[in-house]
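In this text the structure is predicted, and so the values were computed from the model without any measurement. Proteins come first, then strands; the chains are lettered A, B, ... in the order of their sequence lines, and each starts at number 1.
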2 protein chains.
Amino acid sequence: MAMSSGRRIPEATVARLPEYLRLLTETLDAGISNVSSDELADMAGVNAAKVRKDLSYLGTYGVRGVGYEVEYLIYQVRRELGLDHDWPVVIVGAGNLGQALAGYGGFRSRGYPVAGIVDIDPAKVGTMLGDIEVRSVDELGDIVASGAVSIGVVATSAISAQDAADKLVAAGVTSILNFAPVLLNVPPTVTVRKVDLAVELQILSYYEQRRAEPPASHHARRSGTAS
Amino acid sequence: MAMSSGRRIPEATVARLPEYLRLLTETLDAGISNVSSDELADMAGVNAAKVRKDLSYLGTYGVRGVGYEVEYLIYQVRRELGLDHDWPVVIVGAGNLGQALAGYGGFRSRGYPVAGIVDIDPAKVGTMLGDIEVRSVDELGDIVASGAVSIGVVATSAISAQDAADKLVAAGVTSILNFAPVLLNVPPTVTVRKVDLAVELQILSYYEQRRAEPPASHHARRSGTAS
DNA sequence: GCCGGCTTGTGAACGCATGCACGAGCGGAA
DNA sequence: TTCCGCTCGTGCATGCGTTCACAAGCCGGC
Ligand SMILES: NC(=O)c1ccc[n+]([C@@H]2O[C@H](COP(=O)([O-])OP(=O)(O)OC[C@H]3O[C@@H](n4cnc5c(N)ncnc54)[C@H](O)[C@@H]3O)[C@@H](O)[C@H]2O)c1
Ligand SMILES: NC(=O)c1ccc[n+]([C@@H]2O[C@H](COP(=O)([O-])OP(=O)(O)OC[C@H]3O[C@@H](n4cnc5c(N)ncnc54)[C@H](O)[C@@H]3O)[C@@H](O)[C@H]2O)c1
């Protein structure tokens, strides 16, 4: 009895919805107006039952014997994810990573325009990154307030990351995406997601090493960890 | 009955080990030689029992009533993750992201030196990124072979990502970290991990929207297809 | 109008991960 | 030596997520 919306959606499902959305958009662009859970599952590389269950949290939008109408489903997924309007983001730290993020067009096109990027280094303040200017951290409050920003990105060095987070919270940001390899301490009202690229490599090398070293008594169990 | 090593470690645990390792290294740098599961759990922001269970997969390295010897534990975690030697990586795509990755010192210091970065754009080949030169994709095989590279990073545009992956696989790479928002098709012998930064933002905005819209029942069933 | 083929939505079983609770074992004090 | 406090290692229960399997339901053909 999945109701249209308002229901609590499992975290694992929330993490997959953006992927479905991307695939559905590609499908629509290809001129296909209807898709089955089987086809969508193939594209996403997951189980078809999982796709159906995931989508059932949004509501009953499929048609038995037919599948899902792509355009309508896109609308529903977007609505559920809160993508019926833009979510401007502010980036703290205009170093290697901050510059790459600011220069990336994929964020704007997906609904996350960069409302501003700030740095503490006076030498960087005032420089242009594409069409946006690096501003001072002191202006964070202004940027957040005037741009209705609720998402902040921490791209400073690890040592400064907590300081950056504190300033974002003080400025009124309520969600933070953290690229620094540290655990941020924030009020419980603020959501933090952390992306640690070095960790990704470490996970890969673990499986890599495991493959190279098939020792020991028991049968080497092949762990097909592909995605 | 935790066996010393070589046995299968749950994926969730593998994903946390790098984080423990980082915290342990910081702890050692701070001159602390012994740590309890409680302290480590606090630092990592997780449950103490989880820390103990995670570490127990490596072997029995703790001392009851005392805790874990930091230096020895670091050694064991590093060994388990395959970090007793470097894992050179090769980056495909010297755009915004590729340049940021190549210029990031944190990879080398964590045991992932950049063996090379390649691009298909002749205008980029030959340019220097810090102390490494952008080389042609044609040299991928050479770089992989001469540098004993087993990990590749895909940082090309989405359209070219599959091509980049194919070339990496052909060159002999067996693990791929993919930043392009597409599902890569690779042989089952190759492990792929995908990092999609836009997805992270989408997850954040989902919870953000959910917070702003506390009431449950509201949803006109608008037909996206209403013509 | 009816039938047969397809695909959805979901109950139920299973498997993995988490967290509790406690026995086992170590170090230090008396 | 003996006892006490502390912390590990882990059995077990609980909860979440995945997958199977199938009835419900729609469409097109006849
Ligand atoms: N560059 C990468 O590819 C990469 C990869 C993985 C992780 N990271 C992480 O991302 C973060 C940034 O990496 P980077 O390579 O861009 O570093 P960087 O040193 O190039 O840039 C950091 C920037 O942050 C600014 N900064 C420092 N303290 C600040 C503060 N308190 N407020 C505002 N700005 C401040 C600095 O002036 C600098 O411009 C680091 O934590 C790093 O570990 C980067
Ligand atoms: N820049 C970011 O911050 C960011 C953020 C999230 C995701 N991404 C993703 O990362 C990828 C790269 O982003 P970017 O901003 O660096 O893009 P970019 O366009 O700046 O760079 C892509 C580079 O790849 C090269 N390239 C294209 N096809 C190639 C091929 N077949 N072989 C070798 N090189 C090839 C291009 O010449 C270019 O230099 C994209 O898929 C993007 O969606 C980037």
**Item:** Sugar-phosphate or base contact per nucleotide [nucleotides 22-30 of chain C; S, B, -; heavy atom under 4.0 Å]
**Value:** -BBBBS---

**Message:** Of the listed nucleotides (D:dC20, D:dT10, C:dA17), which one gets closest to any side-chain atom of B:A49?
**Reply:** D:dT10

**Complete:** Taken to the nearest whole Å, CG/A:L55 to C1'/D:dT19 is 16 Å

**Request:** Verify, without hydrogens or angle tests, whether A:N178 (side chain) and A:V182 (backbone) share a donor-acceptor contact under 3.5 angstrom.
**Result:** yes

**Prompt:** Are more than 12 heavy atoms from other residues, nucleotides or ligands located less than 6.0 Å from atom OH of B:Y207?
**Reply:** yes

**Atom pair distance, as rounded to whole Å: CG in A:L58 and C1' in C:dT8** = 14 Å

**Message:** Measure CG/A:L40 against P/C:dG9 and give the value in whole Å, please.
**Reply:** 12 Å

**Asked** D:dG17 C1' sits how many Å from B:E11 CD, rounded?
**Response** 14 Å

**Prompt:** With distance as the sole test, does B:T27 use its side chain to make a donor-acceptor pair with the main-chain N or O of B:L23 at under 3.5 Å?
**Reply:** yes

**Request:** Show the numbers, then the answer: is there a side chain to side chain contact (heavy atoms under 4.5 Å, CB included) between B:E69 and B:Q76?
**Result:** CA-CA 11 Å; B:E69 192 200 326; B:Q76 291 298 343; over 6 Å; no

**Message:** Closest-nucleotide mapping onto DNA chain D: is A:P10 or B:S37 further toward the 5' terminus? I mean the 5' end.
**Reply:** B:S37

**Message:** Please report the distance, rounded to the nearest Å, between CG in B:D38 and C1' in C:dC20.
**Reply:** 14 Å

**Fill in**
Taking D:dC8, C:dA17, D:dT18 as options, the one with an atom nearest any side-chain atom of A:R16 is D:dT18

**Request:** Between D:dG17, D:dC20, D:dC8, spot the one nearest the side chain of B:Y68, thanks.
**Result:** D:dC8

**Fill in**
Rounded to whole Å, NZ of B:K50 lies from P of D:dT14 at a distance of 19 Å

**Asked** Any N or O donor-acceptor pair linking the side chain of B:K53 to the base of C:dG19 at under 3.5 Å?
**Response** yes

**Request:** State whether the side chain of B:S36 and the backbone N or O of B:E39 hold a donor-acceptor pair below 3.5 Å, judged by distance alone.
**Result:** yes

**Asked** Taking atom P of D:dG9 as reference, at what distance in whole Å does atom CG of B:N47 sit?
**Response** 15 Å

**Prompt:** Do A:R211 side-chain atoms and B:T189 backbone N/O form a donor-acceptor pair below 3.5 Å?
**Reply:** yes

**Message:** Applying side chain to side chain donor-acceptor pair (under 3.5 Å), can you list everything that pairs with B:E71, at least two apart in sequence or on another chain?
**Reply:** none

**Request:** Using whole Å, report how far CG of B:D54 lies from P of D:dT10.
**Result:** 13 Å

**Asked** Is there a side-chain polar atom (N or O) of A:S36 under 4.0 Å from OP1 or OP2 of C:dT7?
**Response** no

